[in-house]
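All remarks here apply to the structure that follows.
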Amino acid sequence: MLIFFQEIVLQLFLWMLKLIDGLMSVFSAVSGVAKVNYRGESVNIIELVVGDSTVGTIFWCIFVLAVGLTCIFTIVALVKNMIANNRNVSSIVGKFFLSLLGTIAMLAVVILGILISGAVLQLIAEIFQIGNTTKLSNALFDACVGDWVNGYTIDQINVTDLSVSKLFGGYKTALFGIWPTDWKCNGMVNPNTFMYLPAMIASIAVGVALIVAIVNLAKRVYEIVFLYIAMPLSMSTLSLDDGARFKNWRESFITKILLAYGAVFSVNVFALLLPIIMQVRLPGAGSFTNSVFRIFMIVGGAMVIPAGQTLFARLFGQADDMHAGGNFLHTAFYGGRIASALTIGAAAKLLHGTVGVGRRIIHRRKDEDKKSDDGNDKYSDETGEEYVAKESADTETADAGGNGE
């Protein structure tokens, strides 16, 4: 029975590793490290969406709209200056022309910045591959193997292409060859030393962390296009607010560019340190304690994948404008808790109100029944009770007097 359980856990682990490899491919494409195919061409996804002809047409339409807004804002600035007289007219007019020419200049800067950032991002990814060509799935599997047998190592295999029988080998049987009794250890790894619990926890933690990072990076693609199209609008207010809106745009754009760098750094650092960390042993500790140590190190390293985006942006002072590091799932989680609490509270109030109405109806009916039984509606309950008590006392006094006579 234990052998069947071990095979099921290993099969689930292999499926999770295949999912992690797929997520890593999506991660590389969305972050800009790997190229994507579009109409027979291999291009970067950010360069694709920004350089698309439709996006370019929309940008120039927004630019024409921004020119009109620039004229309106300049007139408003001149009128305000006529009242307050705190600025020079020449500076306001200069800001008008600067906003028009600055939009064209910023267009070239944005496109050039996207091209340079993509090239630097690919270079960083290649730097991390120096001396570390192991895939993340192979690194996770090697960290949870325990002992390799029969001369196999992680460098000789691609774990996602193998099956359970190839990795664990066969097992001895009893009861006419049906019931398994023990492993033959003729596979690639020792089934008795394989760390099943750390394997499942590690694969789930890494999978969730990669999903969070991919969601943030996918959102980043749309945000960069949004900022690219809205750039002329932020420049149009230059003569009115001296570039305050453009400063917000610039900080947001830099943050979205740096987001991919933090993601690439965090994933590669995790893959780089994972085989090293998993070779560490606590002195004087047993196998269970060492397994717990590995679980914490794997989960902690997986949490760095989404959190590294915020960490990298904070190094450049731009973290206040971003919501990376899993805040999407964090917000969804706490939003679900708030929605559940509101729902339970509303249901409790509705139930309490229903019970209260029911109690009032019951008390009202009891009062009406008591009044009808007394036959006198001018007394309340307290008055009626006092009247009945007084009448009983008078009757007992009269009876006592009659007995004395």
Inset, instruction - Check step by step if ring-ring contact (aromatic ring centres under 6.0 Å, His included) holds for Phe253 and Phe246. - result: CA-CA 10 Å; Phe253 187 79; Phe246 175 71; over 10 Å; no

Legend entry - Note, Val304 side chain near Phe270 side chain (heavy atom, < 4.5 Å): no

Legend entry - Distance in Å, Gln156 CD paired with Asn138 CG, rounded so as to fall on 0.5 Å steps: 12.0 Å

Inset, instruction - Can you measure from SG (Cys71) to CG (Leu100) and round to the nearest 0.5 angstrom? - result: 7.0 Å

Inset, instruction - For residues Pro232 and Phe59, determine if any side-chain heavy atom of one lies less than 4.5 Å from a side-chain heavy atom of the other. - result: yes

Legend entry - side chain to side chain contact (heavy atoms under 4.5 Å, CB included) between Ile45 and Tyr38, worked out: CA-CA 9 Å; Ile45 188 169; Tyr38 179 72; over 6 Å; no

Inset, instruction - Indicate the ring-plane relationship of Phe194 and Phe168, choosing parallel, tilted or perpendicular according to the 30° and 60° boundaries. - result: perpendicular

Inset, instruction - Taking the side chain as every heavy atom from C-beta outward, state whether Trp148 and Ile157 have any atom pair closer than 4.5 Å. - result: yes

Inset, instruction - Search all heavy atoms of Gln122 against all heavy atoms of Val33 and return the closest pair with its distance. - result: CG-O, 3.5 Å

Inset, instruction - Taking atom CE of Met195 as the centre, report whether more than 12 heavy atoms of other residues, nucleotides or ligands fall under 6.0 Å from it. - result: yes

Inset, instruction - Mind checking the CG-CZ spacing from Leu272 to Phe265? Nearest 0.5 Å is all I need. - result: 11.5 Å

Legend entry - Which atom of Ile229 lies closest to which atom of Ile62, heavy atoms considered: O-CG2, 3.4 Å

Legend entry - Flag, side chain of Ser236 to backbone of Thr70, donor-acceptor distance under 3.5 Å: no

Inset, instruction - Check the pair Ile46, Arg220 against side chain to side chain contact (heavy atoms under 4.5 Å, CB included), reporting the backbone distance first and the verdict last. - result: CA-CA 10 Å; Ile46 302 296; Arg220 162 185 173 266; 3.9 Å; yes

Inset, instruction - Taking all heavy atoms of Asn186 and all of Gly170, pick out the closest pair and write down the distance. - result: OD1-N, 2.8 Å

Legend entry - Main-chain N/O of Val120 paired to Tyr261 side chain as donor or acceptor, under 3.5 Å: no

Inset, instruction - For Phe293 and Ile277, work out which heavy atoms get closest and say how close. - result: CE2-O, 4.3 Å

Inset, instruction - For the residue pair Leu14 and Val159, establish whether any side-chain heavy-atom pair is separated by less than 4.5 Å. - result: yes

Legend entry - Ser25 side chain to Asp21 backbone, donor-acceptor under 3.5 Å: yes

Inset, instruction - Please assess Asp142 against Thr153 for the test side chain to side chain contact (heavy atoms under 4.5 Å, CB included), listing each intermediate value before the final yes or no. - result: CA-CA 9 Å; Asp142 188 36; Thr153 61; over 6 Å; no

Inset, instruction - For the residue pair Gln6 and Leu2, establish whether any side-chain heavy-atom pair is separated by less than 4.5 Å. - result: yes

Legend entry - Min side-chain heavy-atom separation Phe96-Ile92 under 4.5 Å: no

Inset, instruction - Please round to the nearest 0.5 Å and tell me the distance separating atom CZ of Phe63 and atom CE of Met235. - result: 9.5 Å

Legend entry - Short side-chain to backbone donor-acceptor contact, Asn190 and Cys185, under 3.5 Å: no

Legend entry - Backbone of Val264 reached by a side-chain donor or acceptor of Asn268 within 3.5 Å: yes

Legend entry - Donor-acceptor under 3.5 Å (Asn150 side chain, Gly187 main chain): yes

Legend entry - Contact summary for Met24 and Leu210, nearest pair of heavy atoms: SD-CD2, 3.9 Å

Legend entry - Trace of the side chain to side chain contact (heavy atoms under 4.5 Å, CB included) decision for Leu167 with Phe141: CA-CA 11 Å; Leu167 291 170; Phe141 186 83; 3.9 Å; yes

Legend entry - Heavy-atom pair with the smallest gap, counting every atom of Leu107 and Met231: N-CE, 3.6 Å

Inset, instruction - Would you check if Leu162 and Met188 make a side-chain contact, meaning some heavy-atom pair closer than 4.5 Å? - result: yes

Legend entry - Heavy-atom side-chain contact between Val49 and Val221 under 4.5 Å: yes

